[in-house]
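Labels below follow one simple rule: chain letters A, B, ... track the order of the sequence lines, proteins then strands, and each chain is numbered from 1.
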There are 2 protein chains.
Amino acid sequence: MFKAAKQSRIFQDVVEQIQETIIAGKLKPGEILPSERELKEMLQVSRGTLREALRVLEQKGLIEIKLGVGGGAVVQDVSYDQINESLALLIRYQKVSLRHLSEFRVGVEGRVSALAAERATPADVFRLKSLLEQAHQFAEKGSDFQKEFVEVDKQIHLALAEITENPVYISLHHTVHDNIDHYYEAFLVMKQREMEENYTDLGSIIDAVERKDVDGARQLAEAHVLRFNHYMENREK
Amino acid sequence: MFKAAKQSRIFQDVVEQIQETIIAGKLKPGEILPSERELKEMLQVSRGTLREALRVLEQKGLIEIKLGVGGGAVVQDVSYDQINESLALLIRYQKVSLRHLSEFRVGVEGRVSALAAERATPADVFRLKSLLEQAHQFAEKGSDFQKEFVEVDKQIHLALAEITENPVYISLHHTVHDNIDHYYEAFLVMKQREMEENYTDLGSIIDAVERKDVDGARQLAEAHVLRFNHYMENREK
DNA sequence: TTCAAAAGAATGGTTAAACCATTACAATTT
DNA sequence: AAATTGTAATGGTTTAACCATTCTTTTGAA
């Protein structure tokens with residue numbers, strides 16, 4: 001009927017108090033918590049216990065601890081960093097492979113492009129086209145500029161995610177790429193022809209977005225990411 | 001040219017040593033680490049420093065600490081729990097709203113159903129149909145059984161995710177629902193007619209999966225989740 | 001003989017005081 | 001004015017002791 005009233009873990013209570021204060025907005029990003037010696041007095045706990053609580057909050061990404069005079073626990077803005085780290089752990093545990101993540105990316109990019117086609121304003125299309133022009137230039141310069149080309153490719157996908165105005169997709173873009181780029185850098189090799197193929201892909205997607213062709217944007221984006229994945233798989237052999 | 005040699009944080013070194021040991025598989029889920037007093041000798045650190053390291057590992061979800069004789073740090077299997085917690089934090093920070101999450105779910109369920117249509121074996125279809133039959137029975141019994149109906153609905157979506165054999169989708173199913181069900185329980189009210197509509201939806205999706213109608217499965221699943229979302233939005237007013 | 005209660009032991013949880021290492025800032029010297 | 005040095009505040013670490021929880025063993029009464 002009832003569950004244990006208290007795990008007799010004082011530091012958890014401290015974690016919750018500080019976390020709630022931060023989430024309630026009483027402590028804003030950039031602000032500094034009182035020093036450990038002050039906090040332990042305020043909370044009536046020992047310094048060791050307080051430090052365990054701060055360690056947990058740091059791990060959650062809610063604070064960052066700086067050394068020296070004027071240092072202390074600085075409140076952080078929430079970000080996707082923690083989700084990234086958790087996902088990276090899953091990958092390192094080999095519960096998730098590159099193939100799984102790439103396949104997931106196909107679906108996400110397809111959906112993002114479809115939503116972008118629904119919602120893009122003329123200003124959004126303009127921004128996409130100027131990124132596309134950059135991609136064009138790197139593609140023309142050949143495989144010495146592969147790194148730059150891939151970077152612009154990434155920015156275009158991020159721009160599409162931003163057009164959806166859904167933070168889930170924006171965070172996810174960062175999360176997926178933080179965990180997938182490592183492989184790209186190690187294994188991906190594109191010749192000029194492949195870069196130009198990709199440039200054409202991107203142009204078609206952006207065209208579809210401009211025409212508000214929801215279904216076309218989705219299919220083109222899926223095919224584009226699939227092609228990217230195939231480059232990778234061929235290089236892994 | 002060089003980066004700081006050491007962040008002078010001994011506990012981080014301890015965290016890494018233990019984490020690597022776990023990830024390398026030298027410590028398997030269920031096994032218990034040596035006691036704090038033994039570990040501090042092995043690692044040549046103080047107990048306080050060791051405890052800060054254990055706190056971090058606990059927060060990462062790699063260990064769980066049990067009290068009393070025979071207690072200690074039990075190695076955990078990795079799970080989506082940490083990702084869930086990070087996402088829940090983003091939601092509490094109001095960086096992500098229910099609307100954002102629901103919209104994301106539309107895309108995910110669509111893609112999952114499409115992949116399931118590609119990959120479902122006859123055994124998979126059989127399992128889906130038996131879950132569907134359960135849904136049918138709860139739908140017939142009326143709104144007293146809404147909770148049970150929603151539960152079966154959830155199991156069907158999970159089954160579809162499992163058919164993809166992609167752990168990203170399986171984890172994501174749990175992550176999304178852990179963060180969305182709370183709203184369902186608070187705001188979702190379905191009359192018998194709405195339950196039957198949903199039952200019909202689910203039947204159509206499973207039909208499409210059986211026919212390997214990839215595009216149909218996607219569209220039906222998207223529409224199904226959208227309808228679910230609309231029930232919610234209407235109740236929030 | 002059985003079994004419940006009590007004692008014992010091992011473990012994590014907490015406290016306290018002291019010292020070290022890093023850093024920002026002020027004071028001093030060049 | 002610039003460079004150096006000193007100072008103080010902050011987090012990082014150590015140590016030793018005690019408390020609280022939980023499993024195991026022993027004890028003692030029915």
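- Donor-acceptor pairing under 3.5 Å is lacking for the side chains of B:H174 and B:D178.
- The CD1-C1' distance, from B:I32 to C:dT11, rounds to 10 Å in whole Å.
- If you measure from atom CG of B:L39 to atom P of C:dA10, you get 17 Å, rounded to the nearest angstrom.
- Counting to the nearest Å, the P atom of C:dT11 and the NZ atom of B:K40 are 13 Å from each other.
- Look at CD on B:E41: it is 12 Å from P on D:dT14, rounded to the nearest Å.
- Considering every non-hydrogen atom in both B:F228 and B:L188, the closest pair reads CE2-CD2, 3.6 Å.
- Formation of a donor-acceptor pair under 3.5 Å by the A:S143 side chain with backbone atoms of A:Q146 is not found in this model.
- Close to C:dT15, at under 4.0 Å from its OP1 or OP2, lies a side-chain N or O of A:T49.
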Extract from the structure each pairing of a protein N or O with an N or O of nucleotides 5-11 of chain D at less than 3.5 Å, listing the distance.
from	atom 1	to	atom 2	distance (Å)
D:dT10	O4'	A:G68	O	3.4
D:dG11	OP2	A:E36	N	3.0
D:dG11	N7	A:R37	NH1	2.9
D:dG11	N7	A:R47	NH2	3.4
D:dG11	O6	A:R37	NH2	3.1

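- Listed for the B:E109 side chain is no donor-acceptor partner under 3.5 Å among the backbone atoms of B:V106.
- Note: B:Y199 and B:F149 fail the aromatic proximity criterion, with ring centroids not under 6.0 Å apart.
- With hydrogens and angles disregarded, a donor-acceptor distance shorter than 3.5 Å links the side chain of B:H100 to the backbone of B:S97.
- For the pair A:L50 CG and C:dA16 C1', the interatomic distance rounds to 14 Å; values are reported in whole Å.
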